[in-house]
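The analysis underlying the following values was restricted to heavy atoms, covering all of them including side chains, and did not include hydrogens, waters or symmetry mates.
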Amino acid sequence: MSDVIAGHAQNPTELLEQVFSQIAADEMCKLPFYRDHIPLRACGFQLFEQQWIGALLTPWMLSLVVLPGPQQSWQRRIVGERLMLALPCGTIGFTVSEIAGCGQYLSRSLMSPLDTALGAEQAVQLAEQSARMALSLPVVDADAPANPRRRALFSKVTQMTNPHA
């Protein structure tokens, strides 16, 4: 087994769906938390800093996934090791995972098991939005005070000085 994980030259959407469909059929479909009405989809995969990132929806979970991109090489890590990645949305903890046919990748569970009330269309929308949000810049109200406690203090002062508030 090599100490280096080679990058994926092509978008890994099809590969992930193929590998996880096989896992679903072989192992997961018999488990009580398997939701057979939820489709298996790799959503929103795109290159970010030369790594593939997107969301993986399966009938048993929703996760953010990162794989090495074209011409990238990752050092092999211990499965289960945790890494923090700085994404536009913030710093997120990922776990090193590995699966035959895909190699090592990083995953962050967003929902496992899936909520029993989640419908198929909602689940796909959630996966697509999760992939987009991971790479979205945070939006901050430019007019909001930097310290939220200070805003609360001002509102209390206003209430104390204005008996009609």
Side-chain angles (χ1 to χ4, degrees), residues 1-35 38-116 118 120 122-141 144 146-148:
M1 195 177 279
S2 173
D3 288 342
V4 176
I5 309 298
H8 296 267
Q10 303 296 318
N11 186 312
T13 296
E14 190 176 311
L15 174 65
L16 287 167
E17 289 179 355
Q18 180 183 28
V19 168
F20 277 85
S21 289
Q22 192 63 51
I23 292 168
D26 291 348
E27 304 166 29
M28 301 305 288
C29 66
K30 300 169 185 99
L31 297 175
F33 51 83
Y34 186 90
R35 308 282 176 246
I38 301 292
L40 195 146
R41 299 268 172 79
C43 298
F45 275 84
Q46 61 183 296
L47 287 172
F48 174 73
E49 294 187 4
Q50 302 307 308
Q51 314 306 320
W52 292 109
I53 185 168
L56 179 63
L57 173 67
T58 70
W60 62 93
M61 58 106 182
L62 171 62
S63 294
L64 282 179
V65 173
V66 180
L67 295 108
Q71 291 134 18
Q72 297 297 303
S73 296
W74 288 2
Q75 284 300 114
R76 180 169 293 284
R77 296 186 177 271
I78 298 168
V79 172
E81 182 180 347
R82 294 189 36 84
L83 301 171
M84 301 298 286
L85 296 183
L87 297 175
C89 67
T91 301
I92 299 178
F94 284 83
T95 302
V96 175
S97 302
E98 186 167 7
I99 198 154
C102 238
Q104 283 196 343
Y105 60 96
L106 304 177
S107 63
R108 169 59 186 235
S109 177
L110 300 177
M111 187 183 296
S112 180
L114 294 177
D115 187 320
T116 56
L118 196 61
Q122 292 172 311
V124 171
Q125 285 178 338
L126 181 59
E128 290 171 349
Q129 291 170 356
S130 297
R132 264 195 308 276
M133 287 177 62
L135 298 178
S136 297
L137 293 173
V139 178
V140 178
D141 182 355
N147 183 345

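Distance alone, capped at 3.5 Å, places no donor-acceptor pair between the Arg108 side chain and the Phe94 backbone.
Applying the side-chain contact (heavy atoms from CB on, under 4.5 Å) rule to Thr116 yields the partners Arg35; only residues at least two apart in sequence or on another chain are considered. Applying the salt bridge (charged side-chain N to carboxylate O under 4.0 Å, His left out) criterion to Arg77, with sequence neighbours excluded, gives Glu81. Partners of Pro70 by side-chain contact (heavy atoms from CB on, under 4.5 Å), not counting sequence neighbours, listed by chain and number: Leu47, Trp52. With sequence neighbours left out, Gln72 forms a side-chain contact (heavy atoms from CB on, under 4.5 Å) with Gln50, Gln51, Pro68. With sequence neighbours left out, the salt bridge (charged side-chain N to carboxylate O under 4.0 Å, His left out) criterion links Glu49 to no other residue.
Ile53 places a side-chain heavy atom less than 4.5 Å from the side chain of Leu87. Side-chain contact between Met84 and Ile92 is absent, with no heavy atoms from C-beta onward closer than 4.5 Å. At a threshold of 4.5 Å between non-hydrogen side-chain atoms, the residues Leu16 and Tyr105 do not count as touching. At a threshold of 4.5 Å between non-hydrogen side-chain atoms, the residues Pro88 and Phe48 count as touching. Between Val96 and Trp74, every side-chain heavy-atom pair lies at or beyond the 4.5 Å cut-off.
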For residues 55-63, run the donor-acceptor check on the side chains, cut-off 3.5 Å, and write out each pair with its distance to 0.1 Å, sequence neighbours left out.
from: Thr58; atom 1: OG1; to: Trp60; atom 2: N; distance (Å): 3.2
from: Thr58; atom 1: OG1; to: Met61; atom 2: N; distance (Å): 3.0
from: Thr58; atom 1: OG1; to: Met61; atom 2: O; distance (Å): 3.3

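Applying the side chain to side chain donor-acceptor pair (under 3.5 Å) definition to pairs two or more places apart or across chains, none involves residues 123-135. For residues 20-31, every residue pair satisfying the side chain to side chain donor-acceptor pair (under 3.5 Å) rule, not counting sequence neighbours, is listed here: Gln22-Asp26.
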List the steps, then state whether side-chain contact (heavy atoms from CB on, under 4.5 Å) holds for Arg76 with Val4. CA-CA 5 Å; Arg76 180 169 293 284; Val4 176; over 6 Å; no

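Here the straight-line distance linking atom CD1 of Ile23 with atom CD1 of Ile99 works out to 2.5 Å at 0.5 Å rounding. Summarising the geometry, atom OG belonging to Ser97 is positioned 10.0 Å from atom CG belonging to Leu67; distances are rounded to the nearest 0.5 Å.
Between Cys43 and Ala131, the closest heavy-atom pair is O-CB, 3.5 Å. Closest heavy-atom contact between Cys29 and Ala25: SG-O, 3.5 Å. The shortest heavy-atom contact between Ala42 and Thr13 is O-CG2, 3.5 Å.
Counting non-hydrogen atoms of neighbouring residues, nucleotides and ligands closer than 6.0 angstrom, the CE atom of Met133 reaches no more than 12 such neighbours. Counting non-hydrogen atoms of neighbouring residues, nucleotides and ligands closer than 6.0 angstrom, the CG atom of Leu31 exceeds 12 such neighbours.
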